[in-house]
Amino acid sequence: MSEKVEKYIACPKCSQQTLSEIVCSVNTENDTGVRDAVFDESIFRWKCKKCGFQTKMIHPLLYNDVKNKFMVYLIPRIDRKKIVDEELELEFSDLSYIKKRVVPDINSMKEKIVIFENNIDDMAVELTKSAVSEVVAKSTSRSVHSGYFMDMDTDKNTITFQYFVGGDHRSYIQTIRLEVYNRSMRIVKKYFSRENKKTGFLNINSSWAENALRKYKNSN
Ligand SMILES: [Zn+2]
């Protein structure tokens with residue numbers, strides 16, 4: 001079941017406050033439509049009851065995929081390193097076999113969902129993404145703003161990322177050989193398997209990868 005809360009929300013257009021229902025938690029097992037609603041972002045659509053103004057409103061959302069054993073918790077503008085909602089953490093603390101992640105925006109939420117649905121390791125993805133972003137920065141002569149996992153093809157032995165580069169955040173697709181990911185996977189297994197088993201909601205992103213690579217290099 002999807003869980004909802006009622007909140008007074010002030011319309012950005014007419015400024016009037018109305019009581020609105022906000023979806024705060026979804027479970028893909030009971031509602032197969034919620035995955036689509038996240039990917040087309042309709043779950044974040046909000047309409048003013050007074051003037052009819054429509055906008056996208058990013059609010060906290062817990063995405064629970066029981067079948068694939070993961071939870072992704074979207075908390076907008078979350079502090080990078082802070083882990084999170086203590087109440088929620090306690091509530092799900094016995095579920096250590098479930099991957100739990102916290103993300104700050106919709107694109108990161110979609111990325112985690114695709115990664116975990118395909119049974120891919122997100123720590124290894126972040127390490128790989130971080131290494132490849134240096135290559136992308138060099139070959140484009142532009143700074144890399146962000147990057148997302150796109151696809152893993154085990155037949156072709158490739159992994160593909162989409163980066164956003166330069167001041168205008170232009171899209172840049174980079175495909176590399178799967179060996180780079182496999183090497184990252186070995187690093188994760190050797191150095192970060194304990195962290196991977198932590199019970200809380202982890203923030204596994206590019207900052208985590210930078211710190212992890214630093215730790216890895218210092219220990220070698
Ligand atoms: Zn309005």
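Along the sequence shown, residues are numbered consecutively beginning with 1. Atoms considered below: every heavy atom in the structure, side chains included; atoms not considered: hydrogens, waters and symmetry mates. Just so you know, ligand 1 is whichever comes first in the structure, and atom 1 is the first atom listed for that ligand.
- Pairs passing the ring pair (Phe, Tyr, Trp, His ring centres under 6.0 Å) check and including a residue from residues 171-191, sequence neighbours excluded, read Tyr191-Tyr216.
- Looking at every heavy atom in both residues, Asp121 comes nearest to Ile115 through C-CG2, 4.3 Å.
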Would you tabulate the side-chain donor-acceptor contacts of residues 131-140 under 3.5 Å, counting partners in other chains and residues two or more places apart, or write 'none'?
{"unit_1": "Ser133", "atom_1": "OG", "unit_2": "Ser130", "atom_2": "O", "d": "2.9"}
{"unit_1": "Ser139", "atom_1": "OG", "unit_2": "Val135", "atom_2": "O", "d": "3.1"}
{"unit_1": "Ser139", "atom_1": "OG", "unit_2": "Val136", "atom_2": "O", "d": "3.3"}
{"unit_1": "Thr140", "atom_1": "OG1", "unit_2": "Val136", "atom_2": "O", "d": "2.7"}
{"unit_1": "Thr140", "atom_1": "OG1", "unit_2": "Arg142", "atom_2": "N", "d": "3.3"}

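- The pair Lys110-Glu41 meets the salt-bridge criterion, since a charged nitrogen lies less than 4.0 angstrom from a carboxylate oxygen.
- With sequence neighbours excluded, the residues forming a side-chain hydrogen bond (donor to acceptor under 3.5 Å, both in side chains) with Asn68 are Asp65, listed by chain and number.
- Side-chain contact between Pro76 and Pro104 is absent, with no heavy-atom pair separated by less than 4.5 Å.
- The count of protein N, O or S atoms under 2.8 Å from the Zn ion (ligand 1) stands at 4, with waters excluded from the count.
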